[in-house]
Structure formats: structure tokens, C-alpha cells
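Naming convention: chains lettered A, B, ... in sequence-line order (proteins, then strands); numbering from 1 in each chain.
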Protein chains: 2
Amino acid sequence: MSPDRNPTRHDRDSVARAALALLDEVGLPDLSMRRIAARLEVQPSALYWHFASKQLLLAELADRITARVPIAESDPVACARGIRDALLAHRDGAELVLSTSALGLGSAHAERALLRSLPEQNPERAAALLHFILGHTALVQQRMHAHSHGAASGDDDPTAGLDRVFDLGVTAIAGLSATRPRARA
Amino acid sequence: MSPDRNPTRHDRDSVARAALALLDEVGLPDLSMRRIAARLEVQPSALYWHFASKQLLLAELADRITARVPIAESDPVACARGIRDALLAHRDGAELVLSTSALGLGSAHAERALLRSLPEQNPERAAALLHFILGHTALVQQRMHAHSHGAASGDDDPTAGLDRVFDLGVTAIAGLSATRPRARA
DNA sequence: ACCTGAACACCGTTCAAGT
DNA sequence: ACCTGAACACCGTTCAAGT
């Protein structure tokens, strides 16, 4: 007799949230529209009311992932770590952002944050930093997953030493590192 | 009456070559086992005689792409350009290598080439360089495709200025750039 | 405004069986 | 050694129709 009778109606936000949660459980290759629909107890076709295509839904997820990077970092290294952490916060986050950043402006927010953190606000350095962070994090993240899923070869952590590679890359591109020791002035 | 009667029998090499050619035509998202089989005029199940899974076939393609990077470059910038060009030589090459480099040692060859080209043979710099090149090239490549396929917004080339970003990143990580102008000594 | 039901044109992979 | 044929358990997407 109540006017609101339907048990679960969804909107863009609830669909995106369910998809993001499912991403963490199953990973990007197994994140299908049909699985997302099943999680929402809805027919697959229902999703197309909220998102015109799977690509657009994935772009929304990428936007939500990058939206969490802090804008106020003054140090490029801290800013870069913030971006990396946002990407690592969700399974296959880096690969998702990387593969959707062509169309969606998902990575634009991260790039702005980098630009602001740079001493001379050099946009080319900001772009290079973003490219490095995305490539590095995508590699690290999938190596993590391959290792945990017991892929092959040695059983020692393949992430070892990669933090140093990250810092080296960021400081170098940001223009903060010594070029060459050149004696020891 | 001849003993060799069968018109087309295939091996690993011919399957991989057909797959690589098809990749350039249709792109990574549309590269299916069934399409590759159709191109070879063979049933889809026939491919599984040569490759145990699609993933392993893709890893072979990634290996073939990176195999073409020159090992003998002495200059890190020249070496990095060689890697980038090898990735750009096939559609979605960078994304393919990036997404398979966790398991397959496809990128190991490129990393060795970088290491050799570095003045001090620093393996951390080589790793950082590889990560930057892969991230950068993957982004550039998909932006190229998005632009050619008439995605949206402005119609000017989105690749403009990206060469400078590439050079900046490579020289910085290689340790060849000035840290900061610092007056103008 | 939001969803169902049914259909369309696809996927990767397995496996017995053929030659 | 290499392939067929048939099957299994899936995909993304569209669209009329329901409420």
C-alpha cells in the first residue's frame, strides 16, 4: 500500500560502486557486465539504462580511482606516491586507468596535481611523470597478482627493489636528482 | 598420388605470424582465437595444438615485438627510441607488451638493451626507463588510435609535443639532463 | 524512471575422433 | 603431427514490452 514498493532500484552511482567492488574481487579480465548485473540482482540489459556501454562504465571507474589523489601535495615525490597509492587501492587500477585515459579525462586530475607539485610548473615534466607512474604501477601491480596467483619460477617477492626504481624515476623526471656524481663536490 | 597431399598445415610460427598480421588489422580488443583461426582457414580448436592458451599466444607476439629492438645502441636515448619504435611498429604493441610482461620475459630483452646503453650500467635506471617507455608509448599509441577513429572534441593531433615529453623523460631517468638551471653557469 | 525477457552475434576452451 | 566437429559455459548489446 506504500507508494515506494520496489525493493531495489539503482542509479549510476550504485552501479559504479558495485562494479568497483566486483573489480577488487575478480579483477579486470573477469569484470563482465553480466557479473555486475548478477551482483545487483538485475538483468544484464538493465545496466544499459545507466551506462551506454561497458567502456563508459569502465571510464567512470577510472575517474573514481583517480579522483582520490590529493591535489594539495607540494612535493612531487609525495604527489607521485599519492597517485601510485590511489592506483594500487583497487585491483588492476593502473591498467584500468591506463587503458581508459585516452578518451576519458580520468588522468587529467592526476596530471594537474603533479603540475602543481612541481617547482617550475613544467607541464612536460608533469606529463612524463604521469606516464612513468602509470607504466611502473601497471607493471608492479600485475607482477603482484601473478606472484600471488602462483605463476611460475622463484617464490621470492618480485616487488623487491621496485620502490627504489619508483623513487629514482620520480626524482629524476621531477628534476630533483643529481645528474652524475661527478667527483663528490 | 603425392605423399604431401594436405594443402595447408601450420606450425607455431605460421600461427604467430598470422596473429601478428591480424593484430595490425583489427587491434588487440578484436583479436580473437576464432578470428585467427578463420584467417588460417582452420577450426578454432586447431590453434590449441600450437598454443596452450590465448595468453601464451599473446606472450609469443609480445616476444616477437620486443625481439626487434637493437641490442647494440650505446646511447640511452637512441636505445629508448629503438624500443619505442619497435612497440609502435604494431597496433597496440605497447599495451600488448605491457600486459604480458609480468609472466613472459618479453621485456627482458629490451631491459638488457637499455642496461647496456647506460654509462654506469645501473639496473635501476634501466628498469625505470623501461617502465617510462612502456607507459608513455601505450598512452601515445591509444591516443593515436582514438584520434584516427574520430573519437571526440578537437580534431588537432593529440600527439603534438609528446616527442619532447619522451626525450625529457628518457634523458632525465638516464641521468643526462641538467638538474636545475640554477642561475646559468 | 527503471527494469524484464528474449534474442543476436559473438567469445575461450575441451575433447573425442579423424587422417 | 595436425586437424575436425560438436559441445560447454560464457560474452556485449539491442529492443520491445512491462511497471
Side-chain angles (χ1 to χ4, degrees), chain A residues 1-20 22-23 25-62 92 95-96 99-100 103-104 146 149 151, chain B residues 1-20 22-23 25-62 92 95-96 99-100 103-104 146 149 151:
Chain A
M1 36 151 79
S2 61
D4 56 25
R5 135 160 42 64
N6 232 299
T8 40
R9 305 287 269 191
H10 303 288
D11 53 10
R12 276 179 68 92
D13 183 64
S14 62
V15 171
R17 287 168 59 93
L20 209 44
L22 196 55
L23 173 66
E25 294 176 29
V26 304
L28 192 53
D30 289 332
L31 185 69
S32 69
M33 295 297 269
R34 295 177 113 102
R35 280 228 219 199
I36 297 165
R39 168 64 53 104
L40 292 166
E41 292 177 307
V42 127
Q43 295 297 317
S45 52
L47 301 181
Y48 290 84
W49 176 263
H50 305 287
F51 292 93
S53 69
K54 185 183 183 182
Q55 256 217 71
L56 259 19
L57 171 52
L58 292 181
E60 169 70 22
L61 300 190
D92 294 333
E95 198 188 331
L96 176 56
S99 65
T100 32
L103 305 165
H149 225 56
Chain B
M1 36 152 79
S2 61
D4 58 24
R5 140 164 37 69
N6 232 299
T8 40
R9 303 288 267 188
H10 303 288
D11 52 9
R12 276 179 68 92
D13 183 64
S14 61
V15 170
R17 288 168 59 93
L20 208 45
L22 195 55
L23 173 67
E25 293 176 29
V26 303
L28 192 53
D30 289 331
L31 185 69
S32 69
M33 295 296 269
R34 295 176 113 103
R35 279 228 219 199
I36 298 164
R39 169 63 52 103
L40 291 166
E41 291 178 307
V42 127
Q43 295 297 316
S45 51
L47 300 181
Y48 290 85
W49 176 263
H50 306 286
F51 291 93
S53 69
K54 185 184 183 181
Q55 256 216 73
L56 259 19
L57 171 51
L58 292 181
E60 170 71 23
L61 300 190
D92 294 333
E95 198 189 330
L96 175 57
S99 65
T100 35
L103 306 165
H149 224 57

Enumerate the protein-to-nucleotides 4-8 of chain C contacts in which both atoms are nitrogen or oxygen and the separation is below 3.5 Å.
| residue | atom | partner | partner atom | Å |
| --- | --- | --- | --- | --- |
| C:dT4 | OP2 | A:Gln43 | N | 2.7 |
| C:dG5 | O6 | A:Ser45 | OG | 2.7 |

Checklist line | DNA chain D: 5'-proximal contact among A:Ala52 and A:Arg35 (nearest heavy atom) | finding: A:Arg35

Nearest-Å distance for atom pair [atom1]/[atom2], residues [X] and [N]:
| X | N | atom1 | atom2 | value |
| --- | --- | --- | --- | --- |
| A:Arg9 | D:dG18 | CZ | C1' | 11 Å |
| A:Met33 | C:dC11 | CE | P | 19 Å |
| A:Ile36 | D:dG12 | CD1 | C1' | 11 Å |
| B:Leu40 | D:dC2 | CG | P | 14 Å |
| A:Phe51 | D:dT14 | CZ | C1' | 19 Å |
| A:Leu22 | D:dC11 | CG | P | 11 Å |
| A:Asp30 | C:dG12 | CG | C1' | 12 Å |
| A:Trp49 | D:dA16 | CH2 | P | 14 Å |

Notebook entry, point to check: Where the side chain of A:Tyr48 is defined as all heavy atoms beyond and including C-beta, which of C:dC2, D:dT14, D:dC2 is the nearest nucleotide?
Noted result: D:dT14

Next item on the list: State which of C:dG12, D:dC3, C:dC11 makes the closest approach to the side chain of B:His50.
Entry: D:dC3

Any chance you could measure [X], atom [atom1], to [Y], atom [atom2], to the nearest 0.5 Å?
| X | Y | atom1 | atom2 | answer |
| --- | --- | --- | --- | --- |
| A:Leu31 | A:Asp92 | CG | CG | 9.5 Å |
| A:Asp30 | A:Leu23 | CG | CG | 10.5 Å |
| B:Leu61 | B:Thr100 | CG | OG1 | 8.5 Å |

Note to self: So B:Arg12, base contact, sugar-phosphate only, or nothing? Heavy-atom distance under 4.0 Å.
What the structure shows: nothing

Mind checking salt bridge (charged side-chain N to carboxylate O under 4.0 Å, His left out) for [X] and listing every partner two or more places apart, or none if nothing turns up?
| X | answer |
| --- | --- |
| A:Arg12 | A:Glu60 |
| A:Arg39 | A:Glu25 |
| B:Asp13 | B:Arg64 |

Item checked: Side-chain heavy-atom pair B:Pro44, B:Arg34 within 4.5 angstrom cut-off -> yes

Check: Quick one: side-chain hydrogen bond (donor to acceptor under 3.5 Å, both in side chains) pairs with a partner in residues 40-54 of chain B, sequence neighbours left out?
Finding: none

Notebook entry, point to check: What interatomic distance, in whole Å, is found between P of C:dC2 and the corresponding atom of D:dA17?
Noted result: 22 Å

Note to self: Would A:Leu57 and A:Ile36 count as a side chain to side chain contact (heavy atoms under 4.5 Å, CB included) here? Give the steps.
What the structure shows: CA-CA 11 Å; A:Leu57 171 52; A:Ile36 297 165; 3.9 Å; yes

Notebook entry, point to check: With Watson-Crick and G-U wobble geometry limited to distances under 3.5 Å, how should the secondary structure of DNA chain C be encoded in dot-bracket form, using | for bases paired to another strand and [ ] for crossing pairs?
Noted result: ||.|||||...|||||.||

